[in-house]
Structures are given as C-alpha cells and as structure tokens.
Amino acid sequence: MSEAAQVGNPSDVQFCSSLENAVWHNLSGPNAFESWHFDAVSDDGREALVVAFYDNYVLSPRFVLNSTSAENVTFSGRHRFPAVSFVYSLDGTPILASVNEYVEADFRALSPQGCAIGGSSFQMASAGYGNGFVVSIDLPTFRGRRIRAEIEWLLIESDLDQCADGDFAVTWNAVAPRADVSGKLLLIGRRGKIRKTINFRGTGYHDQVSSANVHYRDLSSRMWGRAHYTDSTVIFDRLGGVQKRNAPGAFYLIRNGEIEIRLAACEATDYRRDPWGLHIPRRMTFTADDSTRVRIKPLRSFRSGFTEVKMLSEITLSLRDGKPRRSVGITEFIDPSRLRNRFFRWISGLRIGGEDRSPYF
C-alpha cells in the first residue's frame, strides 16, 4: 500500500483495497473482530440496502467489554458473538430489517473469500459476465416472519491498492468501492407463504474491517459514508464525527482505477438529536488542502438505534474542474460508547434476535 493511503498515524489505521486480503484472518483474543459490509443505493436514490456480517458483533449489548458476566462465555469458553444485520428501505422507511446474533459454532469461513453465519452467507463467485460477491440472506424478523434474499455485488472498481503488513490497530479494506448490485428480496410469512417480493438494482460498495483490539471501542464515535457518481466514487470518514465537532477527517476519491487520498478539515454544524438521542450534525463539509471538497446533507434516517444511525444523504463532490457532482449516498453515525449505559444495553438487546429467534421490535 502506498504511503499516501495510510490515514493519520500509520500505526493506527490502514486503508487499502485488496481482494487477496479479503479473507477471514481468525484474529485471536476476545476483543478482536472482523466485519464485512455490503451496501447499495438504487439509481433513483429512493431505495437503500445495507448488509453486514460480523465474526464478533461489537455493537452487541452482550459484547465482552460491556459486561463481565458468565453469560458472555460461549460453549467453547470464548467471548464471540457472530451476527448478521440487514436493512432495506424505500424513501427512508425501513421495509425489511433484522439483526440476529449467533453462537461461535454458527460461524464458518468459506473459500476463497466469504463466510457463513447461520443460514446467511457471502462468497466470491465468478460468472461469464464478471466476478463478484453473492450474498444470501435467511434471517428471522418481526412477528415470526423471515427475510430471504440473494443479491450480487458485481465488481466494477476493486483490488486497487494492496494491504501492507504491519502492526495496525485496524485495517479498513475497501475491497470493492464500486459494484453493480442486483437481486431479489423476499418477506416470508409465518406459514411459509411469500408476503412481499422486491427486485432491487443499484450501485453499491463492499468493505472489510479487521481489528485485533476492537478499534471502535476506543472511539467516542465515528461518522462515515460513500456516494457514487457517473465518473467516480467518494468514501469519507471521520473518527469522533458524532461528538467531537472539530475532529479532522479524510475522503478517498476513486476514479480511473486509482484511489486518491485527501486528508481534510471537517466542519460539522446544525447538531440535532435523533429519536434515540444520538447527537447528529445535519451539515458536514470535508475540505482538503487542494480545495477539493465533499459536502454532506443528511436527508432521512432508514435505520436508527442507541448506537448507530444510517441515513440517506445528499453528497456533493467538488473538484478543481468546476463541475460539482451530486448524488444520494449513505452516511452512518456510530457511537459505541453509549452501550456503557445498562438501560441502553437492555433496550438494544430487545432489537436483536438471538440464535434464529426474532427480535422483539
């Protein structure tokens, strides 16, 4: 990985884009985790889809750092909470949503790149029309129903900058900054009948985050997101982005098969609390030294809770060609420190299904 692709202190965060590194690393220790994130927005900006797999769900109220009770110890004596999160929304309203936790034995690594958790999985696959990841979902949701889906992330921009060896607190591998996404989503009723069928198509993104020391737990918060334009993709990130108003950030411009890194000042204004009490800015601007700029205007939240909010946002990229690029993308706000509150942990736990049991609400 190039020196420019190392964000902030090189010993803290590594940003790269590598298919070779997109494997389960089996990081040791109860505080380690890996997550695989897939998302997409429809061409008209109305639909959003986010899927995430975790070998150890760091936003779980049962996570080892939140409690020292014996309930955290699985049958093997390790503190691991694999989980799958899924949300599909239309015009900012969640239509299909579920978060489900499992035991360690329900997690399986797949070859060459992929994993399975319970009945859900993702795996690298090849076809005559290209390479990509196939994501299969089978999750319980509210009222005893199930979400079943098969969605393909066909790679457009990927494998752009290899990951380096080193002692990094976290490796952020933007495996596929841009992908063509299509698939079918089903809502299955309690008696096994199909209650809803959704055909999705849009432009998407896939990454993997790996940390041996639960990097997010050291943060007061994080704000990050991405948007796709006709000729480029932008990814932005700000540690401390929910609570620290003057925290710097960075954005990553992907175009012509290359990643351009911009360390940036970040101005966040017009803070408001969402219905779950998370303090969120409604205007953000990333400005790099070369005057390139990313402006984010959150529009509608389509998933929210005590620790995270996912929002559709109007995202404008201004380069030095004088042609602002505007698109609807996804912005996420994460504040894991709120799980230190016992009441928040209890409520959050009710929204998470366990071992194929539906969440309470």
Determine, stepwise, if the pair Ser126 / Asn131 fulfils side-chain hydrogen bond (donor to acceptor under 3.5 Å, both in side chains). CA-CA 4 Å; Ser126 298; Asn131 300 323; 2.9 Å; yes

Please determine whether residues Val181 and Val328 belong to a single hydrophobic cluster, defined as Ile, Leu, Val, Met, Phe, Trp and Tyr linked transitively by side-chain heavy-atom distances below 4.5 Å. no

Within a strict 4.5 Å, meaning less than it, do heavy atoms of the Leu49 and Ile151 side chains meet? yes

Which one of Trp24, Phe53, Phe86 satisfies the ring-ring contact (aromatic ring centres under 6.0 Å, His included) criterion with Phe122? Phe53

Are a donor atom and an acceptor atom from the side chains of Glu47 and Tyr88 found within less than 3.5 Å of each other? yes

Would a distance-only check, ignoring hydrogens and angles, find a side-chain to backbone donor-acceptor pair under 3.5 Å from Glu332 to Met223? no

More than 12 heavy atoms of other groups within 6.0 Å of Asn199 CG: yes

Considering only NZ, NE, NH1 and NH2 on the basic side and carboxylate oxygens on the acidic side, decide whether Asp43 and Arg201 come within less than 4.0 Å. no

Under 3.5 Å, side chain of Ser211 to main-chain N/O of Ala169, donor-acceptor pair present? yes

Indicate whether the side chain of Gln113 and that of Gln123 have a donor and an acceptor atom separated by less than 3.5 Å. no

Ser98 and Asn100: side-chain donor and acceptor closer than 3.5 Å? no

A side-chain contact here means heavy atoms from C-beta on lying under 4.5 Å apart; do Ile235 and Ile254 qualify? yes

Check against ring pair (Phe, Tyr, Trp, His ring centres under 6.0 Å), His37 and Trp172: CA-CA 11 Å; His37 175 102; Trp172 181 11; 9.9 Å; no

Any donor and acceptor pair, going by atom type alone, linking the side chain of Arg146 with main-chain N or O of Arg190 inside 3.5 Å? no

Under the salt bridge (Lys or Arg N to Asp or Glu O under 4.0 Å) rule, what do Arg300 and Asp91 come out as? Steps first, then yes or no, please. CA-CA 8 Å; Arg300 298 177 296 276; Asp91 294 329; 5.1 Å; no

Heavy-atom distance under 4.5 Å between the side chains of Leu187 and Arg145, does that happen here? yes

Side chains of Arg255 and Thr233: closer than 4.5 Å at any heavy-atom pair? no

Would you say the side chain of Asp231 lies within less than 4.5 Å of the side chain of Arg325, judging by non-hydrogen atoms? yes

Kindly check if the number of other-residue, nucleotide or ligand heavy atoms within 6.0 Å of CG (Asp44) is above 12? yes

Between the NE2 atom in His228 and the CD atom in Glu157, the distance rounded to the nearest 0.5 Å is 10.5 Å

Keeping Asn56 on the side-chain end and Phe81 on the backbone end, is there a donor-acceptor pair under 3.5 Å? yes

Qualifying residue for side chain to side chain contact (heavy atoms under 4.5 Å, CB included) with Leu253, from Leu317, Thr292, Ile261: Leu317

Do you know the tightest heavy-atom contact between Leu19 and Ser158? CD1-OG, 4.3 Å

In Å, rounded to the nearest 0.5 Å, how long is the span from OG of Ser136 to CD of Glu150? 4.0 Å

So, for Tyr229 and Ile315, which heavy atoms are closest and what is the spacing to 0.1 Å? OH-O, 2.9 Å

Quick check: does any side chain N or O of Asn256 sit under 3.5 Å from a backbone N or O of Glu258, one acting as donor and the other as acceptor? no

Report the C-alpha distance between Leu185 and Ile147 in whole Å, list the side-chain angles of each, state the deciding distance to 0.1 Å, and finish with yes or no for side chain to side chain contact (heavy atoms under 4.5 Å, CB included). CA-CA 7 Å; Leu185 321 178; Ile147 298 169; 5.8 Å; no

Give a yes or no answer on whether the side chain of Thr287 reaches the backbone of Ala265 with a donor-acceptor pair at less than 3.5 Å. no

Should the heavy atoms of other residues, nucleotides or ligands under 6.0 Å from CZ of Arg195 be counted, would the total exceed 12? no

Separation between CG (Asp159) and CG (Asn173), nearest 0.5 Å, reads 8.5 Å

Any side-chain heavy-atom pair from Cys266 and Pro248 closer than 4.5 angstrom? no

Scanning both residues in full, the closest heavy-atom pair of Leu27 with Ala212 reads CD1-N, 4.0 Å

Has His25 got a side-chain atom pairing as donor or acceptor with Val23's backbone, closer than 3.5 angstrom? yes

Would Leu299 and Ile95 show up in the same hydrophobic cluster when neighbours are defined by side-chain heavy atoms closer than 4.5 Å? no

Apply salt bridge (Lys or Arg N to Asp or Glu O under 4.0 Å) to the pair Asp39 and Lys310, showing each step before the final yes or no. CA-CA 11 Å; Asp39 71 44; Lys310 303 181 191 297; over 6 Å; no

Less than 3.5 Å apart, any donor N or O on the side chain of Gln162 or Ser18 sitting next to an acceptor on the other? yes

In terms of hydrophobic clustering (I, L, V, M, F, W, Y; side-chain heavy atoms under 4.5 Å; direct or indirect links), are Val209 and Tyr54 co-clustered? yes

Provide the closest heavy-atom pair for Gly202 versus Asp180 in the form atom of the first, atom of the second, distance. O-OD1, 3.4 Å

Pairwise distance CZ(Phe286) to CZ(Phe236) - rounded to 0.5 angstrom: 6.0 Å

Do the side chains of Val234 and Met311 join up, straight or via other hydrophobic residues, at under 4.5 Å, putting them in one cluster? yes

Would a single hydrophobic cluster contain both Val99 and Phe33, if residues Ile, Leu, Val, Met, Phe, Trp and Tyr are joined by side-chain heavy-atom contacts under 4.5 Å? yes

Donor on one side chain, acceptor on other, Glu267 and Thr285, under 3.5 Å: no

What heavy-atom pair brings Pro298 and Met284 nearest, and what distance separates the two atoms? CG-CE, 3.7 Å

Sub-4.5 Å side-chain heavy-atom contact between Pro281 and Arg272: no

Side-chain donor/acceptor of Ser17 to backbone N/O of Leu160, under 3.5 Å: yes

Side-chain donor/acceptor of Arg178 to backbone N/O of Ser232, under 3.5 Å: yes

Mind checking whether Glu101 and Tyr57 have side chains closer than 4.5 Å, heavy atoms only? yes

Where Tyr102 and Gly118 come nearest, the two heavy atoms and their spacing: CE2-CA, 3.9 Å

Parallel, tilted or perpendicular, judged at 30° and 60°: which one describes the rings of Tyr252 and Phe15? parallel

From Glu152 CD over to Phe133 CZ, what is the distance, rounded to the nearest 0.5 angstrom? 11.5 Å

To the nearest 0.5 Å, atom CH2 of Trp153 lies from atom OG1 of Thr203 at 12.0 Å

If we count only N and O atoms by modelled type, under 3.5 Å, do the side chains of Asp207 and Tyr205 hold a donor and an acceptor together? yes

Is the side chain of Asp55 donor-acceptor paired with the backbone N or O of Glu34 at a distance under 3.5 Å, no angle test? yes

